[in-house]
Each structure stands twice: as structure tokens, then as C-alpha cells.
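Values reported hereafter were calculated over all heavy atoms of this structure, with side chains retained and with hydrogens, waters and symmetry mates removed. A note on names: the letters A, B, ... follow the listed sequences, proteins ahead of strands, and every chain is numbered from 1.
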There are 2 protein chains.
Amino acid sequence: MGAKKARPVTLQMIADQLGLHVSTVSRVLHAKPGEGLRAASSPTVERVRRLADELGYQRNPHAMSLRTQRSNLIGVLVPRLSDVVLATIYEGIEEAAAEHGLSTFVTNTRDVPEVQRARTEMVLGRRVDGMIFGDAHSDSGFLDEVAARGVPFVLVNRRAGGHPAVVCDDYLGGRMVAEHLLEQGHQDVAVVAGEPYASTGVDRTGGFADRFREAGLPIPEHRIVHSRFDAQGGRAGTERLLATGPLPSAVFVVNDFGAIGTIGALRDHGLRVGADIAVVGFNDTPLAAELPVPLTTVRSPMREMGRRGLRQLVRVLAGEPGETELLRPELIVRASSDRAQYERLMAKVAG
Amino acid sequence: MGAKKARPVTLQMIADQLGLHVSTVSRVLHAKPGEGLRAASSPTVERVRRLADELGYQRNPHAMSLRTQRSNLIGVLVPRLSDVVLATIYEGIEEAAAEHGLSTFVTNTRDVPEVQRARTEMVLGRRVDGMIFGDAHSDSGFLDEVAARGVPFVLVNRRAGGHPAVVCDDYLGGRMVAEHLLEQGHQDVAVVAGEPYASTGVDRTGGFADRFREAGLPIPEHRIVHSRFDAQGGRAGTERLLATGPLPSAVFVVNDFGAIGTIGALRDHGLRVGADIAVVGFNDTPLAAELPVPLTTVRSPMREMGRRGLRQLVRVLAGEPGETELLRPELIVRASSDRAQYERLMAKVAG
DNA sequence: ACGTTTGGCCCAAACGTTTGGGTAACCGCG
DNA sequence: CGCGGTTACCCAAACGTTTGGGCCAAACGT
């Protein structure tokens, strides 16, 4: 039979064993360099330190949180963690949090406003020091309320209402895609634009449309459809596009997973991606490169976004003002929209 | 300017405002039905309840944890959350946890033993009530230690060393795939078997190989390669397979993401999945159905696995013995390995 | 020689709960 | 009228820290 779970070591035990007072031990073990210098003589400090890690002392976080009114906990809300984009951002957050001695709670809101509210309350009930929202909706009413309550937070992934946010420069990303398609000679293009409440899709679409307008090729209304961010959404959006007019020569789907759905829908209509029609996604998720016809997409620094989001939050917690950061995207051209690459690919398959 | 962050409401405040003692308020608000019935008269109970939610009272979890030595927190370790399989399992865990009034910490270990150790210590340092490991290695030394320390835990995703676990019946899943390929007439098959320390890959491969052996077609050593669980791994494993002999007629990749890499590698070699070679994955991740040639795979109840894992942990926390559960997988046949479906698909594209 | 500093530590309160044990007032009952 | 039993509370300790304020003795300054 295993060891019973022994009662954890406390400052008190250490103090008793050394004939010291608990406050002394506390200062020795936890005082930041600079204060608490006169807490104990250096031989005493040594004895305390030695005994502490001999016994495997670990500070009780509940007692500490209770006393200091600081939990070193932060809450993270995302639409869904099974979306690899959000999962990767969260990995960045968690990684950086650990480096700062913080722990994170993360939870799904499925983009449902009531769930966002409920989960926020529950997270706040856990007395987190701050929050990170990855699921902001552009009508920022809810976030305004949270801000008004004095809860420190930052946004990642999506921006909203001028709250401090760390996001990809989605507008620029959209422009880059447009630029690329223009270079490839496309004149009649369409967009599967994602959810209208998410700045990601809106900004990507905005940049894309602006660039085409500047090129004298404004994109008509009916060439832009909204959809969910998953494969099903991409598929449905694409079906709608195909139903409402002649075939465009290229389609920009604001999300790689949506693009997968688009590719499926095109296939169902007997269309060959890369030959009959160009497709471009966004985010450069790992599967983009591996598709039978590799997908052109825009790489967004997701992990870095998480890391920086956390760093911003730490700043806010320290009382500094939160800043908004725009991270630079990078266009990754592959066969789904590049004639030359496509030809080479086909040559290989045929050969 | 927003409201300053008001000091949260405490039992004390409620008690003072009502001329009651804090202990009375505590019992009124938190006593389980059955005890504390005689804590207060029903008009008093009413007054307390009303005031409490008028002021928006929320119990301070740190104070409670400190006093009761129970944190209602559980720690979850996974290889990586950006793997949609683990993310989905975690969603199940988190969902069920919320229903039980528990909160979860989750963190990545990247399957690196030192990281597993370090993160476990950090999680335990947060005084969680129990843990769920999704990253067990089959040499279960580390987990044995954790168990010996009296930490309550259960495993999900991968089993190891007889510790209570909730996993897919991977062996059966492997057999199902073999059965299917045998029916399709395959005689020379290969396996991309994943990491050798993960029971998932090992069991799937085991079931698959056993069934083929029973059919009188034992799979030679060189037809089984190990690899990482991601697309890169699948690609690398497949390259090795292709380099070491004649082309097999089918390849079983123990993970959908690996299969994506396999498909990419095959494409690079000018091979058409579904025509020149059959491919089967595992897990039925959302993209499997949406691939240009939809992927045959085995559906494993990932979310349910998470939910049940948490339920097992709750049982263990209640002092009952933890049980191991095997969840039933389901074969999903698609065009990547089914001649008829493939023909139909091609007919549509051509037509 | 005597006041002042400072080094090295102790004291005690406080953070917000929970919980085992009171204790008055009241009721019913014989 | 006296007594046991409720009913409706209150009391206080405890959980493990942190932190502002002591206090005593030794070292220092003049």
C-alpha cells in the first residue's frame, strides 16, 4: 500500500523545527531581493532554506491568495479549444503564464453570448487576477461591462471596442491575399468571410476588398458570403456562392478549415482546385501544406499572439496601460493558387 | 471612468447587515440539504438569501479551500492541446468538471518526461484535488510514483501500468480496420504506428496485426514504422515505408493527422490515394470527412472519454476505487479505402 | 560614557470560510 | 410547575500566509 497522503509541510512546521517564528521563515523564503534583508542572519537563512527544500516545502497558494488578495490565476475564454487556431494561441498563453508564475483556467464559450457571460462569472468567481478573451464579438457591449467592473483583461485573436488586444494584422493579411491574386491575373473573385461578429473575418475581408477596389475591381455584394469558421461553414458558404452566379476564378476563405470545406464543395461540383479555380485560406494550420493540392494561406503567429497577450495582461496587472499589438502575417503561396506550382505538382503525379 | 473594483462581498458583510453571526449566514447559504436545517428560521433564511444575491455574494474559493483542505480544482496534463484529439478530450473533461462544480488547469507536456514531472509538481503545488493524465507513457514509472504519493488520478486517451483509465478500445479499433482492409482484398499492408510509448498507437497496431496474422497474412517487421503523431510524423514514416520495399496496397496510419502527412507524402510520389493505394486513419477528426478524398477512419468517442474520465476521477475522490473503461470505436468507411465510394467520387468530378 | 542606529528576530492581526460546540428562549407534557 | 427537547442562533478556533510594528542586544558615534 502506498504512502498515505501526508499533510503538506507548512511554514509553521519549519519554524518550529528551527525554533524560529513563522514570520521569519516566511520572509526568508519569499521576500523579494531588496526587502526583508534584515529578516535573518545569513546562517539562519541557510538553515531555513536547507530545511525547506529538504522537507519539500511548497507554499500554500490558497492561504497566500487569501492573505494577499492576489491569486496569480488568470482566466481564458475561447470559442472552442478544438479549433487548432485557438488551441495554439492558448498554448502560447499558457507557456508565457508559466514563465510568469501564473496559472490559467481555460474554457469554451462556443461564441454563445449567454455562455460567455456565464463562464466569465464563473471564472471571476474563482477570483482570477485578470482575463484573456479570445472570443470577443465586435458589438463589445459585454466587454465594456466587464471593463466597467474594473476587471483587468486583454483580447487576443479578435479585437473589439478599442480594448487592449493582441491580434494578427488581419487587414494586411487580406490585402496580401488580394495582391497575390491580382498578380495571378484574377479579376472575378469571391470571399467566404466567416462570422460577421468576428473581427478576424471582417478585417481580412476588408483588406482584401479594399485592395481589389484600389485595383479598379470592386467586389460585388453577392460575391461575399458569411459562414461559420469550420469546414461545414466553408462548404455551406461555397455552395451559396456557386448558386448565385457564374463561377469566380478565385475564392478567398478567411480560415483554413473553412477552406477545407470549400475544397470539398468544389470537388462535389466537379471543379479542380488550382486548375478550374484558385483557393486561398488563412492561418497556415498544419494541414494546409499537406493537402493533395497544397493550400495557399496566410501564416499568422498564433503562439506568439498568445505569449504577447499574456505579457500585455501582466503589464495591465502591474497598473500600466494595456496596448494593442498588431502581429505581422506572412503570405504562403502554394499550388492551390499558383499556376506554376500546380503544373509542377501535376507533372509529378502524371509522371 | 469605470467603477473602482469594489471589495467583494463577504459573509461577514451580510451577517453584519442582518445582525446575524457569520456562521449562521454560512450555514444558510452553503449547508447541504439534510444538515444545517436548524441553522435559522425560515424568515431568516429568506432574508439572508435575498440579501446575498442582492449584493451578488460569491463565496471566496481561497478561504474555502484553505479551511476545508479541498480546492475543487483538478489538473490535466496533455501532450499538446493543439492536437485536436486531446483538445476534444479536454473539452469533455472541462464540460463535466463544470457540471460537478470543479475547475480545471490544463497544460502541455509535449511528451517530454522532464516536462511531465515539472508540470505535475507545479499543478500539485496549486493544491489540486486530483489529476487527469492524457499523456501517459507505457513505462509507467513516473505514474507509479505519483500514485505512491497518494495523489488521486485517472488516465485518459492512453492507458499505462494498470492505473484507472478511460480509453478507446484501440485494439478493437485496429482489428476493425484490418477486417475492413481484408474485405477489400488487401494482402500487402503497412502501418504507420505512432510513438512506441503511447498505448494508443501500440494497441491499434496490435489489433491490426493480430487480425492479419489470423487471416494467414502476418505483417513483416519492415512494414511497421514508428513516427510522431502529427502530419510531419506521418509524412516521415510514410517516406521510410516507401523507401524500404515495394508499394503496399494499403497503409493504416494510427492517427488522422498522421494520415494527412501520409497523403501528402503519397501525393509527392505521384500516388493517388484511393486508387493507387488505400489509406486509413484513426479518430475521425472533423477534417477526415472533408478531405478531397474522404478518409476512412475509426471514430473514437473523444469528448465522451473526457467526460467519463472526469467522472471516474470524481469517484476516486469520493474514495471509491477507480475503474478502467474501454470505449467502443466505430469504423467509418470512406473513399480513401473503398473502391465503390472512390469510383462514385471520381464519376462526379469527371461528370 | 551614553545616546543612536541597526541587525535579528518575534508578535499579532488579518484575509474569509467552516464547523464542533455552546446557550438562551420557548414549547409541550405530565 | 418543572423538565426534556427543540429551535434559532452565537462563539471561537482553525486553515497557512503576509506584513506592519515591536523589542532587545550589540555595534557605533561623539
Side-chain angles (χ1 to χ4, degrees), chain A residues 5-32 34-49 52 55-73 101 124-127 129, chain B residues 5-32 34-49 52 55-73 101 124-127 129:
Chain A
K5 47 190 334 178
R7 219 75 175 346
V9 185
T10 71
L11 290 181
Q12 193 60 253
M13 296 180 191
I14 298 184
D16 290 354
Q17 223 160 121
L18 259 40
L20 288 171
H21 193 266
V22 53
S23 63
T24 306
V25 177
S26 172
R27 282 187 246 253
V28 167
L29 291 176
H30 305 306
K32 329 217 167 308
E35 57 185 49
L37 277 183
R38 9 162 301 161
S41 64
S42 60
T44 305
V45 167
E46 198 36 46
R47 285 193 308 149
V48 171
R49 295 232 174 92
L55 298 181
Y57 170 74
Q58 284 197 291
R59 195 199 333 234
N60 182 316
H62 306 120
M64 174 185 167
S65 300
L66 179 58
R67 173 63 234 248
T68 62
Q69 309 284 9
R70 226 178 169 275
S71 60
N72 293 328
L73 254 30
L124 254 20
R126 273 287 174 183
R127 298 299 205 269
D129 291 339
Chain B
K5 48 189 337 179
R7 218 79 173 344
V9 185
T10 71
L11 290 181
Q12 193 59 252
M13 296 180 191
I14 299 183
D16 289 354
Q17 219 159 125
L18 259 41
L20 288 172
H21 192 267
V22 52
S23 64
T24 306
V25 178
S26 172
R27 281 187 245 255
V28 167
L29 291 176
H30 306 305
K32 329 215 165 308
E35 57 186 49
L37 277 183
R38 8 160 305 170
S41 64
S42 60
T44 304
V45 168
E46 197 39 44
R47 286 193 308 148
V48 171
R49 292 232 176 94
L55 298 181
Y57 171 74
Q58 283 198 292
R59 180 172 22 201
N60 183 314
H62 305 119
M64 175 186 169
S65 300
L66 179 59
R67 172 65 234 247
T68 62
Q69 309 285 5
R70 230 180 165 272
S71 60
N72 293 327
L73 253 30
L124 254 20
R126 273 285 175 186
R127 298 300 207 268
D129 290 339

> Would you classify Thr10(A) as touching base, sugar-phosphate or nothing, given that sugar-phosphate means primed atoms plus P, OP1 and OP2, and contacts are heavy atoms under 4.0 Å?
sugar-phosphate

> Both Thr24(A) and His21(B) contact DNA chain D. Taking the nearest nucleotide for each, which residue is further toward the 5' end?
His21(B)

> For the residue pair Asn72(A) and Gly101(A), what are the closest heavy atoms and their distance?
CB-O, 3.9 Å

> What's the separation between atom CZ in Arg49(A) and atom OG1 in Thr44(A), rounded to the nearest 0.5 Å?
11.5 Å

> Could you check which of dC11(C), dC9(D), dT17(C) has an atom nearest any side-chain atom of Ala40(B)?
dC9(D)

> Using Watson-Crick or G-U wobble geometry with both distances under 3.5 Å, which nucleotide pairs with dT30(D)?
dA1(C)

> Compare the minimum distances between each of dT17(C), dC9(C), dT17(D) and the side chain of Tyr57(B), then state the nucleotide with the smallest one.
dT17(C)

> Provide, to the nearest angstrom, the distance between the CE atom belonging to Met64(B) and the P atom belonging to dT17(D).
19 Å

> Could you measure the distance from the OG1 atom of Thr10(A) to the CD atom of Gln58(A)? Nearest 0.5 Å is fine.
13.0 Å

> Can you tell me how far P of dC15(D) sits from CD of Gln58(A), to the nearest Å?
19 Å

> For a quick test of reading the model: is some side-chain N or O of Arg7(B) closer than 4.0 Å to OP1 or OP2 of dG16(C)?
yes

> The side chain of Leu66(B) is closest to which nucleotide in this list: dT17(C), dC10(D), dC15(D)?
dC15(D)

> Rounded to the nearest angstrom, tell me the gap between atom CZ in Arg70(B) and atom C1' in dT19(C).
17 Å

> Name the nucleic acid region contacted by Ser41(A), choosing base, sugar-phosphate or nothing; use a 4.0 angstrom heavy-atom cut-off, strictly under.
sugar-phosphate

> May I have the distance from Asn72(A) (atom CG) to dT17(D) (atom P), rounded to whole angstrom?
15 Å

> Is there side-chain contact between Gln17(A) and Val25(A), with heavy atoms separated by less than 4.5 Å?
no

> Output yes when at least one side-chain N/O atom of Arg127(B) is less than 4.0 Å from OP1 or OP2 of dG16(D), else no.
no

> For Ser23(A), answer base if it contacts any base atom (sugar-phosphate contacts may also be present), sugar-phosphate if it contacts only those atoms, and nothing otherwise; contact means non-hydrogen atoms under 4.0 Å.
base

> With respect to the phosphate group of dC15(C), does any side-chain polar atom (N or O) of Thr68(A) fall under 4.0 Å of OP1 or OP2?
no

> Within this structure, what is the CG-to-P distance between Asp16(B) and dC11(D), rounded to whole angstrom?
12 Å

> What nucleic acid atoms does Thr44(A) come within less than 4.0 Å of, heavy atoms only: base, sugar-phosphate, or nothing?
sugar-phosphate

> Is any side-chain heavy atom of Arg47(A) less than 4.5 Å from a side-chain heavy atom of Val28(A)?
no

> Rounded to the Å, how far apart are His62(A) NE2 and dT17(D) P?
12 Å

> Does dA14(C) have OP1 or OP2 sitting under 4.0 Å from an N or O in the side chain of Gln69(A)?
no

> Using atom CG of Leu29(B) as one end and atom C1' of dT19(C) as the other, report the distance to the nearest whole Å.
15 Å

> Could you state the interatomic distance from CD1 (Ile14(B)) to OG (Ser26(B)), rounded to the nearest 0.5 Å?
10.5 Å

> If you go through the side-chain atoms of Arg27(A), does one of them form a donor-acceptor pair with the base of dG7(C) closer than 3.5 Å?
no

> What integer distance in Å separates Leu11(A):CG from dA12(C):C1'?
16 Å

> Across all strands, who's sitting opposite dC15(C) as a Watson-Crick or G-U wobble pair, both distances under 3.5 Å?
dG16(D)

